[in-house]
Amino acid sequence: MKWVYIEDLKEHVGEEVEIRGWVYNKRSSGRVRFLLVRDGTGIVQATAWSRDKDNPLFKTFDTLTRESSVIVRGKVKEDPRAPGGYELELREIIPIQIAEDYPITPKEHGVGFLMAHRHLWLRSSRQHAIMRIRHEIIKAIRDFFDEEKKFTLVDAPILTPAACEGTTTLFETDYFGEKAYLSQSGQLYMEAAAMALGKVYCFGPTFRAEKSKTRRHLMEFWMVEPEVAYFRLEDDIQLAEELVEFIVGRVLEKRSKELETLERDIARLEKVKRPFPRVSYDEAIEILKKEGFDIKWGDEIGGDEETALALKFEKPLILHRFPAAQKAFYMEPDPERPELSLSFDMLAPEGYGEIIGGSERISDYELLLKRIRENNLPEEAFQWYLDLRKYGSVPHAGFGLGVERTVAWITGVKHVRETIPFPRLLYKIYP
RNA sequence: UCCCCGGUAGCUCAAUCGGCAGAGCGGGUGGCUGUUAACCACUAGGUUGGGGGUUCGAGUCCCUCCCGGGGAGCCA
């Protein structure tokens with residue numbers, strides 16, 4: 001008997017096949033029994049008929065419970081009454097393991113309950129759709145840098161000796177008696193790699209011990225960080241725009257079924273075409289003042305302000321040239337206005353928040369040393385980083401794109417906790 | 001860390017002014033010849049998050065602790 005996956009059933013109409021999966025649900029009506037089986041690629045309805053109540057097939061059917069593992073065999077039939085359009089005429093049911101009291105039902109559940117059962121929640125069709133789109137986004141990112149742009153993937157270390165932006169937000173661990181930290185960014189290492197290989201990127205998990213409890217925060221999240229030698233701010237922004245356009249285009253092309261499952265408004269995504277609107281920090285402050293926000297030049301643009309700005313546009317919004325005082329020590333100052341940094345953020349539309357942060361980096365040795373001292377950073381730990389400015393220093397720029405926020409935006413999911421298989425949240429590390 | 005909301009059956013929730021703790025789903029039993037989160041009937045299921053207080057009487061009011069959700073700051 002041929003083992004086939006449900007997504008391929010339409011190629012086997014009229015054939016006897018075997019499906020290996022789990023019971024999604026079952027229904028019966030007198031002499032008919034309906035078994036809904038899922039196998040990870042889809043759900044198929046398997047039907048059985050009999051006038052005899054003691055039919056062995058029915059007896060086996062009646063022992064099955066939701067999420068019991070099962071192998072079913074039968075003939076594939078096209079039938080418009082079946083969900084998905086194809087069904088299996090049952091010949092044989094082989095129970096593998098009977099599940100008792102599966103906790104997740106087809107009715108509603110609260111977030112707390114679902115999060116505590118995340119290992120089982122992943123079996124639901126909505127979670128399948130999100131995971132497949134996450135997969136597609138990651139594949140698109142890799143294809144963009146590998147195939148389209150010919151970047152080299154350079155893996156950054158996860159255990160690091162020092163902070164790149166202060167130690168308060170780092171997870172500390174012991175490294176044979178020395179303090180070590182889980183990486184919160186691969187950027188500094190990518191700068192070294194860019195000086196070696198020209199255009200590079202890293203892609204991996206990053207860790208932030210910030211005590212943030214919002215729909216946009218995870219303690220552990222995935223980030224892609226390209227870095228390019230000889231790039232200026234403008235080149236950097238254009239690369240970010242191309243990447244985001246590419247990702248959205250790929251998901252629309254390959255995952256329309258999943259977007260439909262999630263009831264995502266496709267029209268909003270179809271508008272994501274370059275060029276994206278740009279607003280400088282100076283302009284943003286003026287706009288926000290007119291909107292009635294209590295804000296002045298030099299203030300941080302907070303979450304509510306960000307959302308107000310982003311909602312004015314249908315495409316992702318580029319905010320650029322933030323005050324240097326608000327930004328990280330390594331950012332290159334604007335030569336015409338040194339109080340500004342050559343930096344940018346990309347805000348997703350529809351209020352999904354910041355998905356990209358990037359900048360041109362300081363290439364001058366003396367200036368970088370000054371900034372490290374001003375920020376009270378341990379100079380010894382940054383010797384290798386300063387070296388990059390001694391041996392053939394060049395202008396360079398890069399950015400980081402947060403995968404989970406991008407997935408949340410594209411799928412239309414409200415909270416990033418659903419965009420990663422096993423989210424690490426504030427005070428929550430189970431399952 | 002701070003602010004707001006919540007915790008009642010396995011799950012999602014209700015319970016009027018402080019006055020007999022209930023429904024739907026899920027489970028069990030029976031019925032139904034094409035079901036679509038099937039439907040119909042019956043049935044089992046409770047230390048109302050923990051502790052303390054007020055009261056003739058507390059799910060309901062007060063204090064406290066715990067847990068969960070939402071938001072702020074900061075960030076991707």
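Just so you know, these numbers come straight off a predicted model, no measurement behind them. No hydrogens, no waters, no symmetry mates; every other heavy atom, side chains included, goes into these values. Every chain is numbered from 1 and lettered A, B, ... according to where its sequence line falls, protein lines coming before strand lines.
- Here the two rings, on A:Phe422 and A:Tyr430, have centers that are 6.0 Å apart or farther.
- With A:Glu225 contributing its side chain and A:Gly186 its backbone, the two residues share a donor-acceptor pair below 3.5 Å.
- You'll find that the side chain of A:Gln45 is closest to B:U35, out of B:C32, B:G73, B:U35.
- The 5' end of RNA chain B is approached more closely, in terms of each residue's nearest nucleotide, by A:Tyr102 than by the other of A:Ile301 and A:Tyr102.
- Considering only the side chain of A:Ser28, B:C32 comes nearest among B:C74, B:A72, B:C32.
- Rounded to whole angstrom, the span from the CD atom of A:Glu300 across to the C1' atom of B:A72 amounts to 14 Å.
- By the 6.0 Å contact criterion, CG on A:Asp294 is open, its count of non-hydrogen atoms from other residues, nucleotides or ligands being 12 or less.
- Atom name P, nucleotides B:C11 and B:A58: the rounded distance is 26 Å, in whole Å.
- Atom pair A:Glu100:CD and B:G28:P shows a separation of 10 Å (rounding to whole Å applied).
- Distance check on atom C1': B:U54 versus B:A14 gives 27 Å, rounded to whole Å.
- Remark: A:Glu270 does not engage A:Arg268 in a salt bridge, criterion side-chain N to carboxylate O under 4.0 Å.
- Residue-level contact check: A:Arg216 touches the bases, meaning some heavy atom is under 4.0 Å from a base atom.
- In the region residues 134-147 of chain A, proximity to RNA chain B at under 4.0 angstrom, judged on heavy atoms, holds for none of the residues.
- A salt bridge links A:Glu92 with A:Arg73: the distance from a Lys NZ or Arg NE/NH1/NH2 to an Asp or Glu carboxylate oxygen falls below 4.0 Å.
- Atom C1' of nucleotide B:G34 and atom NZ of A:Lys26 are separated by 17 Å, given to the nearest angstrom.
- Taking atom C1' in both B:C20 and B:A15, one finds a spacing of 12 Å when rounded to whole Å.
- Counting non-hydrogen atoms under 4.0 angstrom, A:Ile356 reaches the backbone sugars and phosphates but no base.
- Both thresholds, 5.5 Å between centres and 30° between ring planes, are not jointly met by A:Phe34 relative to the base of B:G34, so the two rings are not stacked.
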Between A:Phe144 and A:Ile247, does the side chain to side chain contact (heavy atoms under 4.5 Å, CB included) criterion hold? Intermediate values first, please.
CA-CA 8 Å; A:Phe144 178 80; A:Ile247 294 169; over 6 Å; no
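- A salt bridge between A:Arg208 and A:Glu220 is absent, with no side-chain N of the basic residue lying under 4.0 Å from a carboxylate O of the acidic one.
- Here A:Lys370 pairs with A:Glu374 in a salt bridge; the nearest charged N to carboxylate O distance falls below 4.0 Å.
- Defined by atom type and a distance below 3.5 Å, a donor-acceptor pair is missing between the side-chain atoms of A:Ser280 and A:Arg278.
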Between A:Leu319 and A:Tyr281, is the side chain to side chain contact (heavy atoms under 4.5 Å, CB included) condition met? List the steps.
CA-CA 6 Å; A:Leu319 278 179; A:Tyr281 174 85; over 6 Å; no
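- Atom P of B:U43 sits at a distance of 30 Å from the matching atom of B:G7, rounded to the whole Å.
- Listed here is the closest heavy atom pair of A:Lys315 and A:Pro277: CB-CD, 3.7 Å.
- Scanning residues 413-431 of chain A for heavy-atom distances under 4.0 Å to RNA chain B yields A:His415, A:Arg417, A:Tyr427, A:Lys428.
- The pair A:Glu339-A:Arg337 meets the salt-bridge criterion, with a side-chain N (NZ, NE, NH1 or NH2) lying under 4.0 Å from an Asp/Glu carboxylate O.
- Comparing the P positions of B:G49 and B:A76 gives a spacing of 41 Å, expressed to the nearest Å.
- Ionic pairing of A:Glu136 and A:Lys139 is not present here: no N-O contact between side-chain nitrogen and carboxylate oxygen is shorter than 4.0 angstrom.
- A salt bridge is absent between A:Asp282 and A:Arg321; no separation between the charged side-chain nitrogens and carboxylate oxygens falls under 4.0 Å.
- Rounded to whole Å, the distance from CD on A:Glu306 to P on B:C75 is 10 Å.
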I'd like a table of donor-acceptor pairs (distance under 3.5 Å, sequence neighbours excluded) in which one partner is a side-chain atom from residues 211-219 of chain A, with atom names and distances.
residue	atom	partner	partner atom	Å
A:Thr214	OG1	A:Arg216	N	3.0
A:Thr214	OG1	A:His217	ND1	2.7

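- Residue contacts for A:Asp345: at a heavy-atom cut-off of 4.0 Å it reaches no nucleic acid atom on any strand shown.
- Rounded to whole angstrom, the span from the CZ atom of A:Arg27 across to the C1' atom of B:G31 amounts to 18 Å.
- Nearest nucleotide to the side chain of A:Ser212, out of B:C75, B:G73, B:G34: B:G73.
- If you check every strand for non-hydrogen atoms under 4.0 Å, A:Gly353 touches nothing.
- B:A72 atom P lies 14 Å from atom CD of A:Glu210, rounded to whole Å.
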So what's the dot-bracket for RNA chain B: Watson-Crick or G-U pairs under 3.5 Å, [ ] if a pair crosses, | if it pairs off-strand?
(((((((..((((.....[..)))).(((((.......))))).....(((((..]....))))))))))))....
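- Between B:G46 and B:A41, the distance separating the two C1' atoms is 25 Å to the nearest Å.
- Using P as the reference atom, B:G26 and B:C40 are 11 Å apart when rounded to the nearest Å.
- Geometrically, A:Lys10 does not engage A:Tyr86 in a cation-pi contact defined by less than 6.0 Å to the ring centre and at most 45° from the axis.
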A:Glu191 and A:Tyr385: side chain to side chain contact (heavy atoms under 4.5 Å, CB included), yes or no, with the steps?
CA-CA 8 Å; A:Glu191 291 184 54; A:Tyr385 188 61; 2.5 Å; yes
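- When heavy atoms are screened at a 4.0 angstrom cut-off, A:Trp222 is found touching no nucleic acid atom at all.
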Every protein N/O within reach of nucleotides 6-15 of chain B N/O, cut-off under 3.5 Å:
residue	atom	partner	partner atom	Å
B:C11	O2'	A:Glu108	O	3.2
B:C11	O2'	A:His109	ND1	2.6
B:U12	OP1	A:Gly110	N	2.9
B:U12	O2'	A:Glu108	OE1	3.0

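- For the pair A:Lys211 NZ and B:C3 P, the computed distance is 16 Å after rounding to whole Å.
- A donor-acceptor contact under 3.5 angstrom links the side-chain atoms of A:Glu87 to the base of B:G34.
- Of the candidates B:A72, B:A76, B:G34, the closest approach to any side-chain atom of A:Asp304 belongs to B:A72.
- In this structure, the NZ atom of A:Lys213 is 12 Å from the P atom of B:C2, given to the nearest Å.
- Under 4.0 Å is where a charged nitrogen must lie from a carboxylate oxygen, and between A:Arg81 and A:Glu87 no such pair does.
- Within 4.0 Å (heavy atoms only), A:Asp79 reaches at least one base atom of the nucleic acid.
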Check step by step if side chain to side chain contact (heavy atoms under 4.5 Å, CB included) holds for A:Thr169 and A:Phe207.
CA-CA 9 Å; A:Thr169 63; A:Phe207 308 87; over 6 Å; no
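- A gap of 29 Å separates the P atoms of B:C13 and B:G52, to the nearest Å.
- Base orientation of B:C61: anti, since the glycosidic angle falls outside 90° of 0.
- RNA chain B lies under 4.0 Å from at least one heavy atom of each of the following residues of residues 404-412 of chain A: A:Arg405.
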